[in-house]
Every structure is written in structure tokens, then in C-alpha cells.
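Along the sequence shown, residues are numbered consecutively beginning with 1. Just so you know, these numbers come straight off a predicted model, no measurement behind them.
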Amino acid sequence: MNVRRRHISTVALAAVAALGFGTLTACSSDSAAAGDTGTFDVVASFYPMAFLAERIGGEHVHVTSLTQPGQEPHDLEISARQTAQLEESDAALYLKGLQPSVDEAIGQSPIATKIDAAGLTSLEEHGTEAGHDEEHEDEHAHEDEHGDEHGDEHGHEHEGGDPHIWLDPVKYAEVAEGVGKAFQKADPDHAADYRANTAALVKDLKALDAKFRTGLADRETDVFVTTHAAFGHLAERYGLTEEAISGLDPDTEPSGARVKELQKIAKEDGVTTVFYETLVSDKTAKTLAGDTGLKTDVLDPVEGITEKSRGEDYFQVMEANLTALRTALGAR
């Protein structure tokens, strides 16, 4: 991941303080800018956070997203305009550890309500590559010791656990409950509606969890191969094994040893499909699939909704993911 942290001067912030985000909402490209909208203004870091804010807030909130539809969230760099706009909003909802530039901007912002989704559930360690991690263990230790820039760029891959919690409906529900409580505290006039909206969302997420449990209960294999390790929490929840071509960072290139290992795994564990995602190039997945005689299909990490998405919102895309997994795993 190529994230360059920007340090914005007080003069620069003052110069853009009156400017809005423009059209940055994750779900509507012509939404008004945040700040002084007459509603509870929430800035969300990327789509899964914006979806929570919209479902829980309902008519009482105005949500804008720092990450535009189709933009790879790991690569986001916060602009001066966006940083200044944080000062005009009522709350920020983000997932610490996924987008370092967002973490920094929100950490330095005086915004009254800062909601870190990572603190509302548990983040286990996932996404390590057998072989690949061992091959670079000494290199990473050397970089950490000397504060190498590469270590900063990929810090989210090694610190604080796997951030892709929204792909586990149970963990996402835990986050939703925490966000609902934060909204109730920050905007008590509408607490009853936030409480009801949260309960409805949690109910839907529990139903989604039940669909995954039932849909994946009877399968031929537990192993699936993905381009990057976004599905560790989902795999752990349903007793699956994710084998990622790259690590938690989708831009990481796999080692030759890792590719050979995946070829062996595919043969031994009856893997039929190499999954890729909509916001990242499918070149590596198709190369591996071609070398091993496997099929390719989409397993969407739901980091943003675009025209290529197999659905119009989180629930529709997750159900499409379930269908794809059932086919790949030979579920009956």
C-alpha cells in the first residue's frame, strides 16, 4: 500500500475551512456536503461505516464518506479539504487500522464524537502467508527496528489484528450496537429512533448469519483461495480456511514460493475456484487459475458499491458472496 501521510498546516486548514466534501457520499454521488445541514452530520471513512451510519441514523443523519465509490479504501489519502471538513461535522465513524491517513486526520481533529469501529468488537490476527511471511520475517524485523518507510506503509498488516470485521455478520452486528449507543449519546433528541433502527439492523445481520450457517453447513471442502486476505473473520466464523495469494494488503505481490504452495493446496484440498474482487486487478487470480486449471469468480469484500457490484447494498452483495462460496465449496 502506498500511503503518504500529509501534515497540513494551520494556514492550509484555514484556507479551506469553508469548503465542503463535494460529492463523496458512498451511496449517492449528488449528496450535499457535510456540515450545517440541519441534521446530525456524520463523516464515515468508507462504505461499511457509511452503511451503518445510514441504517442506524435514518432520517436524522446526513452521512458523507471519505472514500468515493470505486476507490480502493486502503489507498485513500485525505485531502486538506476533507481534513478541514471534519471540524464542521458532528461525528466521525471509522475503522482504525485500515486507513492510516484517516486515522491520523481524525486523531488530530477536534470533532466531538469519534467512533472507532475496531474498538467495538474483537480483531483477531488473520492473513498471514505461510512461506511468504517466513521468507520476509527477517526483512520486516530489520525494517521495524530502523523505522523503515515500508514498515509504516504496511503497519496495518501487522498491528492490531485483521480489520475486515464487517465481513463477519456477527462482528458487524456488535459494531452496529456500539454505533447505535454512540449516536444515542451524541444526539439524545433522537435516541429512541436510533435504538429502534439499531435493533432492526442487528436483526437483519443475525438473519444473514443464519443464512451463511445453513448455506455452508454441508460442503465438500473448507478451503477457498482469494487474492488478498480480507475474509479471515468470515472464514473463522463458519469454519472455513482462507488461503490468500497476498496478505491483508491487496497491493502485495505474492512470492514464487507462495504461488507454488497454493497450487499444491488447490490440488490436495479440492479447490475449484480462485476468487478476486471488484476493486483490485484480477490479473494475479487469473494467472494462478490458468496455471492450475481452476475457475475464477468474484468474492467481494464490500469495501464499496459500484456498477460492478453484485448488489446494491451490503446485504445483497453478502448474499451474492454466499452463493459464490457455496458453488466453490461444493455446498449442497
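Under the 6.0 Å cut-off for aromatic ring centres, Tyr94 and Phe46 do not qualify, their centroids lying 6.0 Å or more apart.
The two atoms that bring Glu303 and Glu72 nearest to each other are OE1-OE2, 3.0 Å, heavy atoms only. A pairwise comparison of heavy atoms in Ala176 and Leu201 identifies CB-CD2, 3.9 Å as the closest pair. Scanning both residues, Gly97 and Asp103, for their nearest heavy atoms gives N-OD2, 3.0 Å. Of all non-hydrogen atoms in Thr39 and His62, the two that sit nearest each other are OG1-CB, 3.1 Å. In this structure, Asp41 and Asp90 approach most closely via the heavy-atom pair N-OD2, 2.8 Å. Listed here is the closest heavy atom pair of Ile305 and Gly311: CG2-O, 3.9 Å.
In this structure, Asp269 contributes its side chain and Val271 its backbone to no donor-acceptor pair below 3.5 Å. The main-chain N or O of Pro73 is never found under 3.5 Å from a side-chain atom of Gln71 such that the two would form a donor-acceptor pair. The closest donor-acceptor contact from the side chain of Gln82 to the backbone of Leu66 lies under 3.5 Å. Between the side chain of Asp193 and the backbone N or O of His60, no donor-acceptor pair lies under 3.5 Å. Between the Thr273 side chain and the Lys295 main chain, no donor and acceptor come within less than 3.5 Å of each other. Here the side chain of Tyr47 pairs no donor or acceptor atom with the backbone of Thr67 at under 3.5 angstrom. In this structure, Gln316 contributes its side chain and Glu312 its backbone to a donor-acceptor pair below 3.5 Å. Judged purely by atom type and a 3.5 angstrom limit, Thr226 has no side-chain atom pairing as donor or acceptor with the backbone of Phe275. Remark: side-chain polar atoms of Glu268 are not paired, donor with acceptor, to backbone N or O of Ile265 under 3.5 angstrom. When atom types are taken as modelled, the side chain of Ser65 and the backbone of Gln68 share no donor-acceptor pair closer than 3.5 angstrom.
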Task: side chain to side chain contact (heavy atoms under 4.5 Å, CB included) between Leu95 and Met49, intermediate numbers included - done: CA-CA 8 Å; Leu95 205 168; Met49 301 298 102; 4.2 Å; yes
- [ ] Check the pair Arg195, Lys181 against side chain to side chain contact (heavy atoms under 4.5 Å, CB included), reporting the backbone distance first and the verdict last.
- [x] CA-CA 7 Å; Arg195 190 178 301 111; Lys181 291 177 181 177; over 6 Å; no
Open item on the list: Show, in sequence, the C-alpha distance, side-chain angles and deciding distance for Arg332 and Arg326, and conclude whether the side chain to side chain contact (heavy atoms under 4.5 Å, CB included) test is met.
Closed with: CA-CA 8 Å; Arg332 299 176 182 84; Arg326 280 176 49 80; 5.9 Å; no
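Evaluation of the side-chain hydrogen bond (donor to acceptor under 3.5 Å, both in side chains) test over residues 196-208, restricted to residues two or more places apart or in two chains, returns Arg55-Asp204. Listed by first then second residue, pairs satisfying salt bridge (charged side-chain N to carboxylate O under 4.0 Å, His left out) with a partner in residues 105-114 number zero, not counting sequence neighbours.
In this structure, Val298 belongs to a hydrophobic cluster whose other members, linked by side-chain heavy atoms under 4.5 Å apart, are Tyr276.
Looking at Leu288 and Gln263, their side chains come closer than 4.5 Å, going by heavy atoms from C-beta outward. Using a 4.5 Å cut-off on side-chain heavy atoms (C-beta onward), Leu262 and Ile245 make contact. Under the 4.5 Å side-chain criterion, counting only non-hydrogen atoms from C-beta, Trp166 is not in contact with Leu52. Here the side chains of Leu205 and Val170 are not in contact, with every heavy-atom distance at 4.5 Å or above. Side-chain contact between Met318 and Leu208 is present, with heavy atoms from C-beta onward closer than 4.5 Å.
Between atom OH of residue Tyr194 and atom CG of residue Asp189 there is a gap of 9.0 Å, rounded to the nearest 0.5 Å. In this structure, the separation between CD on Glu88 and OG on Ser109 is 10.5 Å, given to the nearest 0.5 Å. Distance NE2/His164 to CG/Leu98: 5.5 Å, rounded to 0.5 Å. Once rounded to the nearest 0.5 Å, the distance linking CG of Leu234 with CG of Asn321 reads 8.0 Å. A distance of 11.0 Å separates CD in Glu77 from CD in Glu104, rounded to the nearest 0.5 Å. For the atom pair NE2 of His233 and OH of Tyr172, the computed distance is 14.0 Å after rounding to the nearest 0.5 Å.
With sequence neighbours left out, Asp300 forms a salt bridge (Lys or Arg N to Asp or Glu O under 4.0 Å) with no residue at all. Residues passing the salt bridge (Lys or Arg N to Asp or Glu O under 4.0 Å) test with Lys267, sequence neighbours excluded: none. Applying the side chain to side chain donor-acceptor pair (under 3.5 Å) criterion to Asp222, with sequence neighbours excluded, gives Arg219. Taking Glu236 as the reference, nothing meets the salt bridge (Lys or Arg N to Asp or Glu O under 4.0 Å) condition, with sequence neighbours excluded. Under the side chain to side chain donor-acceptor pair (under 3.5 Å) criterion, Thr327 pairs with no residue at all, not counting sequence neighbours. Applying the side chain to side chain donor-acceptor pair (under 3.5 Å) test to Glu243 and every residue at least two apart in sequence or in another chain returns Arg258. Residues satisfying the salt bridge (Lys or Arg N to Asp or Glu O under 4.0 Å) test with Lys211, not counting sequence neighbours, are Glu319. Taking Glu177 as the reference, nothing meets the side chain to side chain donor-acceptor pair (under 3.5 Å) condition, with sequence neighbours excluded.
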Let me have the donor-acceptor pairs involving side chains of residues 115-123, under 3.5 Å, with sequence neighbours excluded, atom names and distances please.
{"from": "Asp116", "atom 1": "OD1", "to": "Lys96", "atom 2": "N", "distance (Å)": "3.0"}
{"from": "Asp116", "atom 1": "OD1", "to": "Ala118", "atom 2": "N", "distance (Å)": "3.0"}
{"from": "Thr121", "atom 1": "OG1", "to": "Glu174", "atom 2": "OE1", "distance (Å)": "2.4"}
{"from": "Ser122", "atom 1": "OG", "to": "Glu124", "atom 2": "OE2", "distance (Å)": "3.1"}
{"from": "Ser122", "atom 1": "OG", "to": "Lys171", "atom 2": "NZ", "distance (Å)": "2.7"}

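Residues Val274 and Val259 fall within the same hydrophobic cluster, defined by Ile, Leu, Val, Met, Phe, Trp and Tyr side chains chained together at heavy-atom separations under 4.5 Å. Residue Ile111 is not grouped with residue Val42 when hydrophobic side chains (ILVMFWY) are merged at heavy-atom distances under 4.5 angstrom, including chains of intermediate members.
In this pair, Tyr238 and Phe212 present their aromatic rings parallel. The plane angle is below 30°, not in the 30 to 60° band.
Side-chain contact, His190 with Glu59: no donor N or O sits under 3.5 Å from an acceptor N or O.
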